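Quick caveat: nothing in here was measured; it's all calculated off a predicted structure.
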Amino acid sequence: MSAEVERALVALWKHKEADGWRSAPLKFAVRFSGGGTPDRTNPDYWNGEIPWVSPKDMKAKTISGAAECITEEGLNSSTSALVRPGTVLVVARSGILKHSIPVGIAKVPVAINQDLKAMVFNETADPEYYAYFIDGHVSQLLTLWRKQGATVESLDHESVANTVVPVPPLPEQRAIAGFLDRETAKIDALVEEQRRLIALLKEKRQAVISHAVTKGLDPAGPMKPSGIDWLGDIPAHWQAVQAKRFVSIINGFAFPSTGFETDENAVRLLRGINVGVGEVRWEPENTVRWTRKADDKLDAWELQAGDLVLGMDRPWISSGVRVAVMQEDDVPSLLLQRVAALRTHQGLVPPFLYRQLQSEAFVHHFLPETTGVSVPHISPSQIGSFVITVPPEEEQQEIVEHIDEQIRQFGELEAEAERAITLLQERRSALISAAVTGKIDLRDTTSNSTEAA
């Protein structure tokens, strides 16, 4: 398979041999070096002036800094070494290698950790050109470079070094890199516009939810003080009460982990890992089961369709509150500890409570008590003390329908923006591949490129 992929890759630039292009293993143009980590327990090694680049910093084509910096003493104490500007940095060990190869070019002297490789190109090669070559052929290179049988996704050094790459004349390499700098910048700007649109739509969705569940749908209706600072005025005919007045909160049962099963005839256990933002997830690798017995006394923890379930460990993540509604396909299942099930009493429509728990107000309610905690978590009493609004049931349903329709419209716009991003990224990859393999003839620009260099 790898041999076929390499032959197909080389075939992409074969037509350029008449124009002075040749093929050679990457190692003929590159000196490789690795990195390391200074002793974390020694404060003299950290918070210095030298950027210490790790995979989490590899998010852009150019690398001018890092989340962490080390001292000269820290650099000398570790297996890391200072790499000069113009060095190509590649992530060599990370789960991200399942689908991509982060690559960047150091613009300042940096040190790297052991999960990266530095590629120092000789005078016959332009590093910008080869960074683009990697970026434009990720799927093929992952097939050639991925280390087989590794516990963590890794690149095989020998495979990287021996991969045959195109070697255009140096002026043409520089012309191609310059062309791609200009053209990919345009595409990247369009992608960023779409991402800003998606972020704005998420903000508007949150604002729609928060306003509807606290102020209602009638802007001209009479209001009254709620008595709660953050809530302010609410419609005059609404109540503002603690959730426990209208909600029963069931804490999960502490099942012993030694009894978990995978037998599909056993009942699923709903764990924190199964509760996402707006969805219950039953991925096979994250689903465990329990065999029920006639006298097990577990009926109190049997979930029902329509129950709200809330993850109490790390209840809030970047995309929202980990609360979801149990559907018919999610039962039968049993509630495990660190997950709460919420059942509403008469007077409170479950979807209306669901939307209130999705609001920023709920996050602000518990966030002060979870800040600084290594594993943030909330308790049933914190859930119960959250102040909710309670309009008449018919009005609750109207508000839910309004929110659902607004979210549907936002969802369509988000999906359209995501499709645009996908198409732009595909266009970007195709453009890079075409340029670095000579399908876009840039020889007429080499004189300008040489003068610029």
| Taking side chain as C-beta onward, heavy atoms only, is Gln140 less than 4.5 Å from Glu6? | no
| task | Not counting sequence neighbours, which residues clear side chain to side chain donor-acceptor pair (under 3.5 Å) with Thr151? List them please. | result | none
| message | Just to verify, what does Asp229 make a side chain to side chain donor-acceptor pair (under 3.5 Å) with, not counting sequence neighbours? | response | none
| field | Gln114 and Thr79 side chains, donor-acceptor separation under 3.5 Å | value | no
| note | Heavy-atom nearest pair, Pro55 first then Asn113, reads CD-OD1, 3.7 Å
| request: Output all residues satisfying side chain to side chain donor-acceptor pair (under 3.5 Å) with Trp282, sequence neighbours left out; order by chain, then residue number. | output: Asp330
| field | Backbone of Ser54 reached by a side-chain donor or acceptor of Asp115 within 3.5 Å | value | no
| query | Can you tell if the side chain of Leu26 reaches within under 4.5 Å of the side chain of Phe121, non-hydrogen atoms only? | reply | yes
| request: Could you tell me the separation between the CD atom of Gln194 and the CD1 atom of Ile198, rounded to the nearest 0.5 Å? | output: 7.0 Å
| said: Side chains of Phe410 and Gln406, heavy atoms from C-beta outward: is any pair under 4.5 Å? | reply: yes
| said: Tell me whether Glu416 at atom CD has more than 12 heavy atoms from other residues, nucleotides or ligands lying less than 6.0 Å away. | reply: no
| What are the two closest non-hydrogen atoms of Ser333 and Met326, and how far apart are they? | OG-CE, 3.3 Å
| task | Look at atom CG of Asp263 and say whether more than 12 heavy atoms of other residues, nucleotides or ligands are closer to it than 6.0 Å. | result | yes
| query | Which heavy atom in Tyr129 sits nearest to a heavy atom in Val436, and how many Å separate them? | reply | OH-O, 2.6 Å
| Would Phe246 and His345 count as a ring pair (Phe, Tyr, Trp, His ring centres under 6.0 Å) if you check the C-alpha gap in whole Å, the side-chain angles of each, and the deciding distance to 0.1 Å? | CA-CA 5 Å; Phe246 282 87; His345 305 161; 7.5 Å; no
| Between Arg428 and Asp188, does at least one N-O distance fall below 4.0 Å, as a salt bridge requires? | yes
| request: Mark yes when over 12 heavy atoms from residues, nucleotides or ligands other than Arg281 sit less than 6.0 Å from its CZ; otherwise mark no. | output: yes
| task | Name all residues meeting the side chain to side chain donor-acceptor pair (under 3.5 Å) criterion together with Lys204; count only those two or more places apart in sequence or in a different chain, and write none if there are none. | result | none
| Is Arg355 paired with Asp404 through a side-chain N to carboxylate O contact shorter than 4.0 Å? | yes
| note | Minimal heavy-atom distance between Val331 and Ala305, with the atoms involved, is CG1-N, 3.8 Å
| Going through the distances and angles, do Leu334 and Leu303 end up as a side chain to side chain contact (heavy atoms under 4.5 Å, CB included)? | CA-CA 6 Å; Leu334 295 169; Leu303 289 160; over 6 Å; no
| query | Going through the distances and angles, do Phe386 and Lys244 end up as a side chain to side chain contact (heavy atoms under 4.5 Å, CB included)? | reply | CA-CA 8 Å; Phe386 175 56; Lys244 60 188 175 185; over 6 Å; no
| Residues in salt bridge (charged side-chain N to carboxylate O under 4.0 Å, His left out) with Glu405, at least two apart? | Arg408
| task | Not counting sequence neighbours, which residues clear salt bridge (charged side-chain N to carboxylate O under 4.0 Å, His left out) with Asp307? List them please. | result | Arg343
| Does the side chain of Glu261 pick up a donor-acceptor pair with the side chain of Thr291 at under 3.5 Å? | yes
| message | When you measure from the side chain of Thr287 to the backbone of Glu283, do you find a donor-acceptor pair of N or O atoms at a distance under 3.5 Å? | response | yes
| message | Just checking Gln346: does its CD atom have more than 12 heavy atoms from other residues, nucleotides or ligands closer to it than 6.0 angstrom? | response | no
| said: Between Ser100 and Pro102 (side chain of the first, backbone of the second, donor and acceptor by atom type, cut-off under 3.5 Å), is there such a pair? | reply: no
| query | Does Val160 offer a backbone N or O that forms a donor-acceptor pair with the side chain of Lys27 under 3.5 Å? | reply | no
| note | Output for pair (Gln206 CD, Ile407 CD1), nearest 0.5 Å, gives 9.0 Å
| query | Going by distance alone, is a donor N or O of one side chain under 3.5 Å from an acceptor N or O of the other, for Ser381 and Ser379? | reply | yes
| message | Tell me if a side-chain donor or acceptor on Trp46 pairs with a main-chain N or O of Asp39 at a distance below 3.5 Å. | response | yes
| Are the side chains of Trp230 and His364 in touch, meaning some heavy atoms are under 4.5 Å apart? | no
| request: Would you check if the side chain of Thr71 reaches a backbone N or O of Asp44 as a donor-acceptor pair within less than 3.5 Å? | output: yes
| task | Evaluate salt bridge (charged side-chain N to carboxylate O under 4.0 Å, His left out) for Arg195 paired with Glu418, printing each intermediate quantity in order. | result | CA-CA 8 Å; Arg195 286 183 173 146; Glu418 291 286 2; over 6 Å; no
| message | So that I can tick it off, tell me whether Lys56 and Glu68 are bridged by a salt bridge, with the cut-off set at under 4.0 angstrom between side-chain N and carboxylate O. | response | yes
| task | Start with the C-alpha distance between Met312 and Asn251, add both sets of side-chain angles, then the distance that settles side chain to side chain contact (heavy atoms under 4.5 Å, CB included), and finish with yes or no. | result | CA-CA 10 Å; Met312 295 194 291; Asn251 202 4; 3.0 Å; yes
| request: State the OG1-NZ distance between Thr87 and Lys107, to the nearest 0.5 angstrom. | output: 10.5 Å
| Nearest 0.5 Å, what's the CD1-OG distance between Ile378 and Ser385? | 9.5 Å
| field | Value rounded to 0.5 Å, distance of CE in Met58 from CG in Leu89 | value | 5.0 Å
| said: Closer than 3.5 angstrom, by distance alone: can the side chain of Gln396 be matched with the main-chain N or O of Gly347 as a donor-acceptor pair? | reply: yes
| query | Salt-bridged, Lys147 to Glu153, with N to O below 4.0 Å? | reply | no
| request: Say whether Ser80 and Trp52, considering side chains only, have a donor N or O and an acceptor N or O under 3.5 Å apart. | output: no
| Is the backbone N or O of Val277 less than 3.5 Å from a side-chain atom of Arg322, with the two atoms forming a donor-acceptor pair by type? | no
| request: Show your reasoning for whether side chain to side chain contact (heavy atoms under 4.5 Å, CB included) applies to Phe133 and His137. | output: CA-CA 6 Å; Phe133 177 81; His137 299 94; 3.7 Å; yes
| Which value, rounded to the nearest 0.5 Å, describes the distance between Arg427 atom CZ and Ser429 atom OG? | 12.0 Å
| request: Please check if the side chain of Asn162 supplies one atom and the backbone of Ser159 the other of a donor-acceptor pair under 3.5 Å. | output: no
| remark: Note: Val91 and Leu97 closest approach over all heavy atoms is O-CD2, 3.6 Å
| request: Verify side-chain hydrogen bond (donor to acceptor under 3.5 Å, both in side chains) between Gln242 and Arg245, making sure each step is shown before the conclusion. | output: CA-CA 6 Å; Gln242 290 189 329; Arg245 283 269 306 275; over 6 Å; no
| Between Thr143 (side chain) and Ser139 (backbone), is there a donor-acceptor pair under 3.5 Å? | yes
| task | Might you confirm whether atom CZ of Arg84 has over 12 heavy atoms from other residues, nucleotides or ligands at distances under 6.0 Å? | result | no
| task | Using distance alone, with no hydrogens and no angle criterion, decide if Tyr132 and Glu128 have a side-chain donor and acceptor under 3.5 Å apart. | result | no
| query | So, for Ile101 and Val138, which heavy atoms are closest and what is the spacing to 0.1 Å? | reply | N-CG1, 3.8 Å
